[in-house]
There are 2 protein chains.
Amino acid sequence: MNIGDVASLSGLPAKTIRYYEDIGLVKPLRSTNGYRTFRESDAHKLAFLGRARALGFSIEDCRSLLALYDDEDRASAEVKEIVEQHLDRIDEKIAELTEMRATLAHLVDACAGDHRPDCPILADLAMECSKEDQLEKSA
Amino acid sequence: MNIGDVASLSGLPAKTIRYYEDIGLVKPLRSTNGYRTFRESDAHKLAFLGRARALGFSIEDCRSLLALYDDEDRASAEVKEIVEQHLDRIDEKIAELTEMRATLAHLVDACAGDHRPDCPILADLAMECSKEDQLEKSA
DNA sequence: ACTAGGGCTTCCACTGACTGGAAGGTCAAC
DNA sequence: GTTGACCTTCCAGTCAGTGGAAGCCCTAGT
């Protein structure tokens, strides 16, 4: 298989596949004309990578997961460990975004959004607020 | 004020402040020895930037918000527009992460996480599944 | 035999928003 | 006068690709 074939099979851009070879995630053969030649197993690995990346795993996580995938004697605990850590990072991000969301929604609500210059959003970002507001915030 | 002073006032690292000058977000003066000299207004802008960045606004959003902050004749609608768009992007991200989270949590639940090699997580990533499983997934 | 096109190759530069570090100038205190 | 903290610039690296240029390879059509 040439790179275009695995690209359509895996859904990954050819550029990305070349990059994955660069960083050692796949090791396709080369035919005499210099073209990369992908085996079935390479195509599987690329599809695996595509799905792992879609689930938000970092490249280094993917590298570990691929190694475990290749290792017949792995302990499933090792896999689970990686996934659980990733899950924790996702939970942190969701919490962070949710907090931002709440603050922003509050600001949007408070802003008239008309032609006048008065804007509680800018006021808040600039912290042009009274002592009461500050106490309220720290509470 | 030197850069160290505004750094502690704004909570931003000095490196970041230099970077913000590089990209034109702040324009401190220079004293004869070459040191940056920050005015009160610069310190305010940096604090503004710190808060906007903490709320997840991109640098380009920050640039627009700062311009509106400086513009006495702004319409608050312009500010609100930027914030609402940002809010939409955040909602998208939360939705994306929440979906990932659900899939991953499902996988973690299904994995024994012991010394044995059998691992539904890897099986799923590899899509080593029967026709029934595929139907179940697409349903 | 020639040419057009599509696919493939490498290499370099760019993204966002910094961060780390090296090499060196400046300043206040001891 | 020297130590140490602070400041300067510049270069390189982060993460995970993406875009583009220059050039080879292969097949189909004329």
Side-chain angles (χ1 to χ4, degrees), chain A residues 1-38 42-43 45-46 48-66 85-86 89-90 92-93 96-97 100, chain B residues 1-38 42-43 45-46 48-66 82 85-86 89-90 93 96-97 100:
Chain A
M1 273 189 291
N2 284 346
I3 201 167
D5 305 318
V6 270
S8 22
L9 277 179
S10 65
L12 295 170
K15 279 247 162 192
T16 299
I17 296 174
R18 285 190 201 105
Y19 171 68
Y20 286 174
E21 186 192 12
D22 261 17
I23 62 174
L25 287 181
V26 276
K27 300 186 176 32
L29 306 171
R30 294 287 176 144
S31 57
T32 46
N33 61 10
Y35 286 20
R36 287 167 184 83
T37 298
F38 295 83
D42 295 318
K45 278 191 187 180
L46 288 168
F48 184 105
L49 286 168
R51 281 186 288 267
R53 293 285 302 131
L55 285 173
F57 287 102
S58 72
I59 289 289
E60 287 318 305
D61 279 349
C62 288
R63 198 188 296 281
S64 308
L65 289 170
L66 261 189
Q85 280 182 16
H86 182 43
R89 282 195 299 271
I90 287 184
E92 275 174 39
K93 272 192 204 164
E96 203 181 322
L97 287 171
M100 284 182 192
Chain B
M1 273 189 288
N2 283 347
I3 200 167
D5 306 317
V6 269
S8 24
L9 277 179
S10 65
L12 295 170
K15 278 249 161 190
T16 300
I17 295 174
R18 285 189 203 105
Y19 171 69
Y20 286 173
E21 185 191 13
D22 260 18
I23 62 173
L25 287 181
V26 276
K27 300 187 177 31
L29 305 171
R30 294 287 177 142
S31 56
T32 46
N33 60 10
Y35 286 18
R36 286 168 184 83
T37 298
F38 295 83
D42 295 317
K45 278 192 187 178
L46 288 169
F48 184 104
L49 285 168
R51 280 185 288 267
R53 293 286 301 130
L55 286 172
F57 287 102
S58 72
I59 289 288
E60 286 317 305
D61 279 348
C62 288
R63 198 188 297 281
S64 309
L65 288 171
L66 261 189
I82 292 174
Q85 280 182 15
H86 182 43
R89 282 194 299 271
I90 287 184
K93 271 192 205 163
E96 203 181 323
L97 287 171
M100 284 181 193

Check: Charged N to carboxylate O under 4.0 angstrom, B:Glu21 versus B:Arg18?
Finding: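 Between B:Arg18 and B:Glu21 there is no salt bridge, as every charged N stays at least 4.0 Å from the carboxylate O atoms.
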For [N], does either OP1 or OP2 sit under 4.0 Å from a side-chain N or O belonging to [X]?
X: B:Thr16; N: C:dT19; answer: yes
X: A:Asn33; N: D:dC26; answer: yes
X: A:Arg30; N: C:dT10; answer: yes
X: B:Arg18; N: C:dA17; answer: no
X: B:Arg36; N: D:dT8; answer: yes
X: B:Tyr20; N: C:dC18; answer: yes

Next item on the list: Give me the residues of residues 5-13 of chain A where at least one heavy atom lies under 4.0 Å from an atom of DNA chain C, by number, or none.
Entry: none
Note to self: I need the minimum non-hydrogen distance between B:Ala52 and B:Cys62, along with the two atoms involved.
What the structure shows: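 In terms of heavy atoms, the two residues are closest at CB-SG, 3.7 Å.
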Next item on the list: Please work out if A:Ile3 contacts a base, only the sugar-phosphate, or nothing of the nucleic acid, heavy-atom cut-off 4.0 Å.
Entry: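 Sugar-phosphate, no base atom in range.
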Margin query: Just to verify, which of B:Arg89, B:Arg53, B:Gln85 counts as forming a side chain to side chain donor-acceptor pair (under 3.5 Å) with B:Asp61?
Written below: B:Arg89
Next item on the list: For A:Lys15 and C:dC12, give me the distance from atom NZ to atom P, rounded to whole Å.
Entry: 13 Å
Item checked: Atom-pair distance (CG on A:Asp22; P on D:dA16), nearest Å ->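 One finds 14 Å between P of D:dA16 and CG of A:Asp22, rounded.
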Show each protein N/O and nucleotides 3-5 of chain D N/O combination with a separation under 3.5 Å, one pair to a line.
none

Margin query: Just to verify, what does B:Glu96 make a salt bridge (charged side-chain N to carboxylate O under 4.0 Å, His left out) with, not counting sequence neighbours?
Written below: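 With neighbours one apart ignored, the set is empty.
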Notebook entry, point to check: Which of these nucleotides, D:dA16, D:dT18, D:dC25, is closest to any side-chain atom of A:Ser58?
Noted result: D:dA16
Checklist line | Closest to side chain of B:Ile59, choosing from C:dC18, D:dG20, D:dT9 | finding: C:dC18
